[in-house]
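Quick note: numbers below take in every heavy atom, side chains included, and nothing from hydrogens, waters or symmetry partners. Residues take their numbers from the sequence shown, with the count starting at 1.
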Amino acid sequence: GLRHTIREELRHSLIAEIEKKVIEAFEVFDHECNKTVDVREIGSVVRSLGCYPTEAELQELLAEVEEEEPTGYIHLEKFLPVMTRVLLERSYQPIPEDVLLHAFEALDENKCGYLTKEELVKYMTEEGEPFTQEEMEDMLSAALEPETNTVCYKDYITLMIVDDV
């Protein structure tokens, strides 16, 4: 019936929108402009789409999109349907704001509302799932206030959350 048709139409336009976003994000990292991205940069592509998979989830995703004979590159045509599905199903939800805030507050022993660059680097590279050098630099370039060499994490969280809309 009509309702079904409208729902299908909406789904199609949603998929089209999502695909467009995925392609745009992919192209940012497609340095050769040949519809491939270095496998090491797929995490950045996924995160730039507002998804925050764990390392294990990212490995599963890569297993789905890699060639039979891994080349070190991921092809857009393989990546697009998988990433579109991930976004449609909202698989790797962004971490909620209050959870992020608690995590930062737990690290901020003096409750001063910021962490120094050194503290942040130490926590991010030594504890749990360590950040790579590149992820660390991405985060610092977004979050660090150069004058004070600190990260005011409330601002950073706001930035991360808003980015997502």
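Listed by chain and residue number, nothing satisfies the salt bridge (Lys or Arg N to Asp or Glu O under 4.0 Å) test with Glu137 (two or more places apart in sequence, or in another chain). Contacts of Asp38 classified as salt bridge (Lys or Arg N to Asp or Glu O under 4.0 Å), with partners at least two apart in sequence or in another chain: Arg40. Partners of Lys78 according to the salt bridge (Lys or Arg N to Asp or Glu O under 4.0 Å) rule, which considers only residues two or more places apart in sequence or in another chain, are Glu67. For the salt bridge (Lys or Arg N to Asp or Glu O under 4.0 Å) test, no residue two or more places apart in sequence or in another chain qualifies with Lys111. Residues satisfying the ring-ring contact (aromatic ring centres under 6.0 Å, His included) test with Tyr114, not counting sequence neighbours, are none. Listed by chain and number, the residues in a side chain to side chain contact (heavy atoms under 4.5 Å, CB included) with Glu105 are Leu101, His102, Tyr153, Lys154 (sequence neighbours excluded).
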query = Would Leu58 and Thr54 satisfy side chain to side chain contact (heavy atoms under 4.5 Å, CB included), going step by step from the backbone distance to the final call?
reply = CA-CA 6 Å; Leu58 190 58; Thr54 63; over 6 Å; no
query = Would Leu140 and Lys117 count as a side chain to side chain contact (heavy atoms under 4.5 Å, CB included) if you check the C-alpha gap in whole Å, the side-chain angles of each, and the deciding distance to 0.1 Å?
reply = CA-CA 8 Å; Leu140 289 173; Lys117 179 182 173 179; 3.9 Å; yes
message = For a side chain to side chain contact (heavy atoms under 4.5 Å, CB included) check, start with the C-alpha distance between Glu17 and Lys20, then their side-chain angles and the critical distance, and finish with the verdict.
response = CA-CA 5 Å; Glu17 271 307 295; Lys20 205 171 98 204; 3.9 Å; yes
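Residues Glu60 and Glu64 form no side-chain contact, since every pair of their non-hydrogen atoms from C-beta on lies 4.5 Å or further apart. Considering only heavy atoms from C-beta on, Val151 stays 4.5 Å or farther from Glu145 through its side chain. The shortest distance between side-chain heavy atoms of Thr36 and Leu76 does not fall below 4.5 Å. The shortest side-chain heavy-atom distance between Pro53 and Leu61 does not fall under the 4.5 Å cut-off. Looking only at side-chain heavy atoms (C-beta outward), Glu119 and Leu107 stay at 4.5 Å or farther from each other.
In this structure, the separation between NZ on Lys35 and CD1 on Ile74 is 16.0 Å, given to the nearest 0.5 Å. Between Leu87 atom CG and Cys51 atom SG the span is 4.5 Å, to the nearest 0.5 Å. Of the inter-residue distances, the one linking Thr84 atom OG1 with Leu80 atom CG reads 4.0 Å to the nearest 0.5 angstrom. Leu14 contributes atom CG, which lies 10.0 Å from atom CD of Glu19 (distance to the nearest 0.5 angstrom).
Shown are Asn149, Thr116, Thr150, Leu120; of these, the side chain to side chain contact (heavy atoms under 4.5 Å, CB included) with Leu144 is made only by Asn149. Here the options are Ile23, Leu62, Ile42, the test is side chain to side chain contact (heavy atoms under 4.5 Å, CB included), and the partner is Phe79; only Ile42 passes.
In terms of heavy-atom proximity, His75 sits nearest to Phe26 at C-CZ, 4.0 Å. Nearest heavy-atom pair, Ser141 versus Asp138, reported as atom, atom and distance to 0.1 Å: OG-O, 2.9 Å.
Other residues, nucleotides and ligands place more than 12 heavy atoms under 6.0 Å from the CD atom of Glu118. By the neighbour-count criterion of 12 heavy atoms within 6.0 Å, atom CD of Glu8 is densely surrounded, having more than that number from other residues, nucleotides or ligands.
Between the side chain of Asn110 and the main chain of Cys112, no donor-acceptor pair closer than 3.5 Å is present. Looking at Asp30, its side chain never comes within 3.5 Å of a backbone N or O of Val37 through a donor-acceptor pair.
Tyr73 and Met83 fall into different hydrophobic clusters, where Ile, Leu, Val, Met, Phe, Trp and Tyr side chains are chained together by heavy-atom contacts under 4.5 Å.
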